[in-house]
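Report on the structure given below.
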Amino acid sequence: MEVLSERSTRVVSYAKLHRTSVRRAEGRFLVEGPNSVGAALATGRAERVLVGEGDVERHAPLIDEARSAGVVIEMLSDRAVNKLSESTTPPGIFAVCTLLDRTLSAVLDAQPALLAVAIEPREPGNAGTLIRCADAMGADAMILLGDAVDPHNAKCVRASAGSVFHLPVVRHRDVASGLAGIRSAGITTLATAADGELSLDDADDILSGPTAWLFGNEAHGLPDDVAAAADHRVAIPIRGRAESLNLASAAAICLYASARQHHLA
(Lines give C-alpha, C1' and ligand atoms only; values in the text may rest on other atoms or scores of the structure.)
Protein backbone atom coordinates (compact mmCIF):
# COMPACT_ATOMS: atom_id res chain seq x y z
CA MET A 1 0.00 0.00 0.00
CA GLU A 2 1.26 3.47 -0.88
CA VAL A 3 2.41 5.56 2.09
CA LEU A 4 1.27 9.18 1.80
CA SER A 5 3.81 11.83 2.76
CA GLU A 6 3.07 15.21 4.33
CA ARG A 7 3.46 16.75 0.86
CA SER A 8 0.90 14.47 -0.75
CA THR A 9 -1.97 16.34 -2.41
CA ARG A 10 -4.44 14.21 -0.47
CA VAL A 11 -2.78 14.89 2.89
CA VAL A 12 -2.69 18.62 2.15
CA SER A 13 -6.42 18.53 1.33
CA TYR A 14 -7.21 16.59 4.52
CA ALA A 15 -5.24 19.10 6.59
CA LYS A 16 -7.39 21.91 5.20
CA LEU A 17 -10.43 20.27 6.85
CA HIS A 18 -9.27 21.83 10.11
CA ARG A 19 -10.77 25.07 8.72
CA THR A 20 -14.51 25.67 9.15
CA SER A 21 -14.92 27.23 5.70
CA VAL A 22 -13.34 24.23 3.99
CA ARG A 23 -15.44 21.75 5.98
CA ARG A 24 -18.61 23.58 4.96
CA ALA A 25 -17.56 23.85 1.32
CA GLU A 26 -16.64 20.17 1.02
CA GLY A 27 -19.31 18.71 3.31
CA ARG A 28 -16.85 16.62 5.28
CA PHE A 29 -14.61 16.82 8.35
CA LEU A 30 -11.63 15.07 9.90
CA VAL A 31 -11.65 13.20 13.21
CA GLU A 32 -8.77 11.54 15.02
CA GLY A 33 -8.35 8.93 17.72
CA PRO A 34 -9.83 5.45 18.18
CA ASN A 35 -13.00 6.64 19.99
CA SER A 36 -14.00 9.05 17.24
CA VAL A 37 -12.95 6.78 14.38
CA GLY A 38 -14.78 3.84 15.94
CA ALA A 39 -17.96 5.89 16.37
CA ALA A 40 -17.70 7.19 12.80
CA LEU A 41 -17.42 3.64 11.47
CA ALA A 42 -20.25 2.36 13.68
CA THR A 43 -22.61 5.07 12.42
CA GLY A 44 -21.60 4.82 8.76
CA ARG A 45 -20.16 8.34 8.63
CA ALA A 46 -16.57 7.45 7.73
CA GLU A 47 -15.67 7.86 4.06
CA ARG A 48 -12.06 6.77 4.55
CA VAL A 49 -9.71 5.84 7.35
CA LEU A 50 -6.14 7.12 7.52
CA VAL A 51 -3.57 5.30 9.65
CA GLY A 52 0.09 5.94 10.42
CA GLU A 53 2.42 3.30 9.03
CA GLY A 54 3.79 2.74 12.52
CA ASP A 55 0.34 2.51 14.12
CA VAL A 56 -1.21 -0.28 12.07
CA GLU A 57 -0.81 -3.01 14.67
CA ARG A 58 -2.37 -1.13 17.60
CA HIS A 59 -5.34 -0.06 15.47
CA ALA A 60 -5.79 -3.42 13.73
CA PRO A 61 -9.39 -3.97 14.97
CA LEU A 62 -10.52 -0.60 13.58
CA ILE A 63 -8.70 -1.21 10.30
CA ASP A 64 -10.43 -4.60 9.99
CA GLU A 65 -13.78 -2.98 10.75
CA ALA A 66 -13.19 -0.32 8.09
CA ARG A 67 -12.13 -2.93 5.56
CA SER A 68 -15.22 -5.06 6.27
CA ALA A 69 -17.42 -1.99 5.75
CA GLY A 70 -15.79 -1.22 2.41
CA VAL A 71 -14.25 2.01 3.69
CA VAL A 72 -11.10 3.19 1.88
CA ILE A 73 -7.94 2.84 4.00
CA GLU A 74 -4.88 5.00 3.40
CA MET A 75 -1.43 4.78 4.99
CA LEU A 76 0.40 7.86 6.30
CA SER A 77 4.04 8.60 7.00
CA ASP A 78 4.97 9.81 10.49
CA ARG A 79 5.31 13.35 9.18
CA ALA A 80 1.90 13.16 7.53
CA VAL A 81 0.39 11.99 10.83
CA ASN A 82 1.95 14.99 12.59
CA LYS A 83 0.64 17.32 9.89
CA LEU A 84 -2.93 16.12 10.35
CA SER A 85 -2.96 15.73 14.13
CA GLU A 86 -3.99 18.43 16.57
CA SER A 87 -3.14 16.27 19.59
CA THR A 88 0.01 16.56 21.69
CA THR A 89 0.57 12.83 21.26
CA PRO A 90 -0.92 11.83 17.89
CA PRO A 91 -3.00 8.63 18.13
CA GLY A 92 -2.08 7.73 14.55
CA ILE A 93 -5.56 7.08 13.18
CA PHE A 94 -8.04 9.44 11.49
CA ALA A 95 -11.27 9.29 9.55
CA VAL A 96 -12.67 11.61 6.90
CA CYS A 97 -16.41 11.84 7.57
CA THR A 98 -19.55 13.41 6.16
CA LEU A 99 -20.91 16.38 8.11
CA LEU A 100 -23.38 15.71 10.92
CA ASP A 101 -25.71 18.67 10.36
CA ARG A 102 -29.30 18.26 11.57
CA THR A 103 -32.07 20.86 11.53
CA LEU A 104 -33.98 21.99 14.58
CA SER A 105 -37.30 21.27 12.88
CA ALA A 106 -36.28 17.67 12.18
CA VAL A 107 -35.35 17.15 15.83
CA LEU A 108 -38.58 18.72 17.11
CA ASP A 109 -40.69 16.71 14.67
CA ALA A 110 -39.39 13.56 16.40
CA GLN A 111 -41.10 14.70 19.65
CA PRO A 112 -38.03 14.67 21.92
CA ALA A 113 -38.42 14.09 25.65
CA LEU A 114 -35.12 15.64 26.72
CA LEU A 115 -32.99 18.30 25.05
CA ALA A 116 -29.72 19.91 26.08
CA VAL A 117 -29.54 23.47 24.77
CA ALA A 118 -26.31 25.49 24.84
CA ILE A 119 -26.64 29.25 24.30
CA GLU A 120 -23.71 30.63 22.31
CA PRO A 121 -21.08 28.09 23.39
CA ARG A 122 -17.75 29.39 22.08
CA GLU A 123 -15.13 27.05 23.58
CA PRO A 124 -14.93 23.78 21.61
CA GLY A 125 -13.73 21.67 24.52
CA ASN A 126 -16.68 22.74 26.68
CA ALA A 127 -19.13 22.15 23.82
CA GLY A 128 -17.73 18.68 23.26
CA THR A 129 -18.02 17.89 26.96
CA LEU A 130 -21.67 18.99 26.93
CA ILE A 131 -22.36 16.77 23.91
CA ARG A 132 -20.76 13.82 25.69
CA CYS A 133 -22.79 14.50 28.83
CA ALA A 134 -26.05 14.81 26.86
CA ASP A 135 -25.29 11.52 25.12
CA ALA A 136 -24.50 9.76 28.40
CA MET A 137 -27.74 10.97 30.02
CA GLY A 138 -29.86 9.82 27.07
CA ALA A 139 -30.82 13.23 25.72
CA ASP A 140 -32.56 13.16 22.36
CA ALA A 141 -30.42 15.96 20.90
CA MET A 142 -27.89 18.67 21.63
CA ILE A 143 -28.91 22.12 20.38
CA LEU A 144 -26.29 24.85 19.90
CA LEU A 145 -27.98 28.24 19.59
CA GLY A 146 -26.58 31.58 18.46
CA ASP A 147 -22.95 32.34 17.69
CA ALA A 148 -21.81 28.82 18.56
CA VAL A 149 -18.68 26.79 17.92
CA ASP A 150 -18.77 24.40 14.97
CA PRO A 151 -19.41 20.92 16.45
CA HIS A 152 -17.13 19.50 13.74
CA ASN A 153 -14.18 21.38 15.26
CA ALA A 154 -11.44 18.83 16.05
CA LYS A 155 -11.20 19.80 19.73
CA CYS A 156 -14.98 19.61 20.11
CA VAL A 157 -15.08 16.16 18.51
CA ARG A 158 -12.23 14.89 20.73
CA ALA A 159 -13.89 16.25 23.89
CA SER A 160 -17.12 14.51 22.94
CA ALA A 161 -15.26 11.14 22.86
CA GLY A 162 -17.26 10.09 19.81
CA SER A 163 -20.64 11.29 21.12
CA VAL A 164 -21.07 13.73 18.21
CA PHE A 165 -21.87 10.63 16.16
CA HIS A 166 -24.37 9.19 18.66
CA LEU A 167 -27.03 11.87 18.98
CA PRO A 168 -28.31 14.67 16.73
CA VAL A 169 -26.36 17.91 17.11
CA VAL A 170 -28.13 21.01 15.82
CA ARG A 171 -26.50 24.38 15.19
CA HIS A 172 -29.18 27.07 14.91
CA ARG A 173 -28.01 30.66 14.47
CA ASP A 174 -30.96 32.59 15.94
CA VAL A 175 -31.43 32.20 19.70
CA ALA A 176 -34.94 33.70 19.85
CA SER A 177 -36.41 31.64 17.01
CA GLY A 178 -34.71 28.50 18.30
CA LEU A 179 -36.20 28.88 21.78
CA ALA A 180 -39.59 29.81 20.30
CA GLY A 181 -39.54 26.63 18.23
CA ILE A 182 -38.73 24.51 21.27
CA ARG A 183 -41.58 26.06 23.28
CA SER A 184 -44.00 25.68 20.36
CA ALA A 185 -43.24 21.95 20.39
CA GLY A 186 -44.66 21.77 23.93
CA ILE A 187 -41.28 21.41 25.62
CA THR A 188 -40.74 23.07 29.01
CA THR A 189 -37.61 25.21 29.13
CA LEU A 190 -35.50 25.19 32.29
CA ALA A 191 -32.66 27.51 33.23
CA THR A 192 -30.26 26.93 36.09
CA ALA A 193 -29.95 29.87 38.49
CA ALA A 194 -28.52 30.17 42.00
CA ASP A 195 -31.61 32.20 42.96
CA GLY A 196 -34.07 30.06 41.01
CA GLU A 197 -37.64 29.94 42.30
CA LEU A 198 -37.67 26.14 42.01
CA SER A 199 -35.23 23.74 43.68
CA LEU A 200 -34.07 20.78 41.62
CA ASP A 201 -35.13 18.62 44.57
CA ASP A 202 -38.75 19.72 44.05
CA ALA A 203 -38.84 19.55 40.25
CA ASP A 204 -39.73 15.88 39.69
CA ASP A 205 -43.20 16.56 38.27
CA ILE A 206 -41.83 19.01 35.72
CA LEU A 207 -38.87 16.80 34.84
CA SER A 208 -41.14 13.86 34.05
CA GLY A 209 -42.45 15.71 30.99
CA PRO A 210 -40.63 16.93 27.85
CA THR A 211 -37.90 19.31 29.00
CA ALA A 212 -35.11 21.39 27.54
CA TRP A 213 -32.28 22.46 29.83
CA LEU A 214 -30.70 25.79 28.86
CA PHE A 215 -26.98 26.25 29.52
CA GLY A 216 -24.84 29.33 29.04
CA ASN A 217 -21.12 29.40 28.28
CA GLU A 218 -18.34 29.16 30.85
CA ALA A 219 -17.28 32.79 30.49
CA HIS A 220 -20.60 34.62 30.74
CA GLY A 221 -23.21 32.12 31.84
CA LEU A 222 -26.78 32.21 30.58
CA PRO A 223 -27.90 35.62 29.22
CA ASP A 224 -30.30 37.38 31.61
CA ASP A 225 -33.07 37.68 29.02
CA VAL A 226 -32.88 33.98 28.15
CA ALA A 227 -32.95 32.95 31.83
CA ALA A 228 -35.87 35.28 32.53
CA ALA A 229 -37.87 33.91 29.59
CA ALA A 230 -37.43 30.27 30.63
CA ASP A 231 -40.52 28.50 31.95
CA HIS A 232 -38.70 27.81 35.22
CA ARG A 233 -35.46 28.96 36.86
CA VAL A 234 -34.09 25.99 38.76
CA ALA A 235 -31.60 26.10 41.62
CA ILE A 236 -29.23 23.19 42.18
CA PRO A 237 -28.92 22.69 45.95
CA ILE A 238 -25.30 23.05 47.10
CA ARG A 239 -24.90 21.49 50.51
CA GLY A 240 -21.15 21.76 50.84
CA ARG A 241 -18.93 24.82 50.93
CA ALA A 242 -18.31 25.18 47.19
CA GLU A 243 -19.45 28.55 45.88
CA SER A 244 -20.76 27.24 42.58
CA LEU A 245 -20.54 24.51 39.95
CA ASN A 246 -18.83 24.65 36.59
CA LEU A 247 -20.86 24.23 33.42
CA ALA A 248 -20.12 20.54 32.87
CA SER A 249 -20.98 19.61 36.47
CA ALA A 250 -24.24 21.57 36.44
CA ALA A 251 -25.24 20.07 33.10
CA ALA A 252 -24.54 16.53 34.29
CA ILE A 253 -26.63 17.00 37.43
CA CYS A 254 -29.58 18.57 35.60
CA LEU A 255 -29.66 16.11 32.72
CA TYR A 256 -29.34 13.17 35.11
CA ALA A 257 -32.28 14.46 37.16
CA SER A 258 -34.43 14.59 34.00
CA ALA A 259 -33.20 11.23 32.73
CA ARG A 260 -33.98 9.62 36.10
CA GLN A 261 -37.58 10.83 36.02
CA HIS A 262 -38.06 9.64 32.44
CA HIS A 263 -36.67 6.23 33.39
CA LEU A 264 -38.97 5.97 36.43
CA ALA A 265 -41.95 6.90 34.27
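Quick note: numbers below take in every heavy atom, side chains included, and nothing from hydrogens, waters or symmetry partners.
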On a heavy-atom basis, which atom in [X] and which in [Y] lie closest, and how many Å separate them?
{"X": "Ile131", "Y": "Ser160", "answer": "CG2-CB, 4.2 Å"}
{"X": "Leu41", "Y": "Glu65", "answer": "CB-OE2, 3.6 Å"}
{"X": "Val49", "Y": "Ala66", "answer": "CG2-CB, 3.9 Å"}
{"X": "His262", "Y": "Ser208", "answer": "CD2-O, 3.6 Å"}
{"X": "Ala194", "Y": "Ala235", "answer": "O-CB, 3.9 Å"}
{"X": "Glu6", "Y": "Arg79", "answer": "OE1-CB, 3.4 Å"}

Looking only at atom types and distance, does a side-chain atom of [X] sit under 3.5 Å from a main-chain N or O of [Y], one as donor and one as acceptor?
{"X": "Glu32", "Y": "Gly92", "result": "no"}
{"X": "Asn153", "Y": "Pro124", "result": "no"}
{"X": "Asp231", "Y": "Thr189", "result": "yes"}
{"X": "His18", "Y": "Leu84", "result": "yes"}
{"X": "Trp213", "Y": "Cys254", "result": "yes"}
{"X": "Ser68", "Y": "Asp64", "result": "yes"}
{"X": "Arg48", "Y": "Val71", "result": "no"}
{"X": "Arg171", "Y": "Ala148", "result": "yes"}
{"X": "Ser184", "Y": "Ala180", "result": "yes"}
{"X": "Asp140", "Y": "Leu115", "result": "no"}

Kindly indicate, with the supporting measurements, whether the criterion side-chain hydrogen bond (donor to acceptor under 3.5 Å, both in side chains) is fulfilled by Arg23 and Thr20.
CA-CA 5 Å; Arg23 290 195 294 266; Thr20 301; 3.0 Å; yes
Answer yes if the side chains of [X] and [Y] hold a donor-acceptor pair under 3.5 Å, and no otherwise.
{"X": "Thr129", "Y": "Asn126", "answer": "no"}
{"X": "Gln261", "Y": "Tyr256", "answer": "no"}
{"X": "Arg28", "Y": "Thr98", "answer": "no"}

Please say whether more than 12 non-hydrogen atoms of neighbouring residues, nucleotides or ligands are located less than 6.0 Å from [atom1] in [X].
{"X": "Glu26", "atom1": "CD", "answer": "yes"}
{"X": "Asp224", "atom1": "CG", "answer": "no"}
{"X": "Glu197", "atom1": "CD", "answer": "yes"}
{"X": "Arg158", "atom1": "CZ", "answer": "yes"}

The reported gap from CZ in Arg10 to OG in Ser5 (rounded to nearest 0.5 angstrom) is 10.0 Å
Residue among Leu214, Val117, Leu200, Thr211 satisfying side-chain contact (heavy atoms from CB on, under 4.5 Å) with Leu190:
Thr211
Just to verify, which of Leu198, Asp195, Thr192 counts as forming a side-chain contact (heavy atoms from CB on, under 4.5 Å) with Arg233?
Asp195
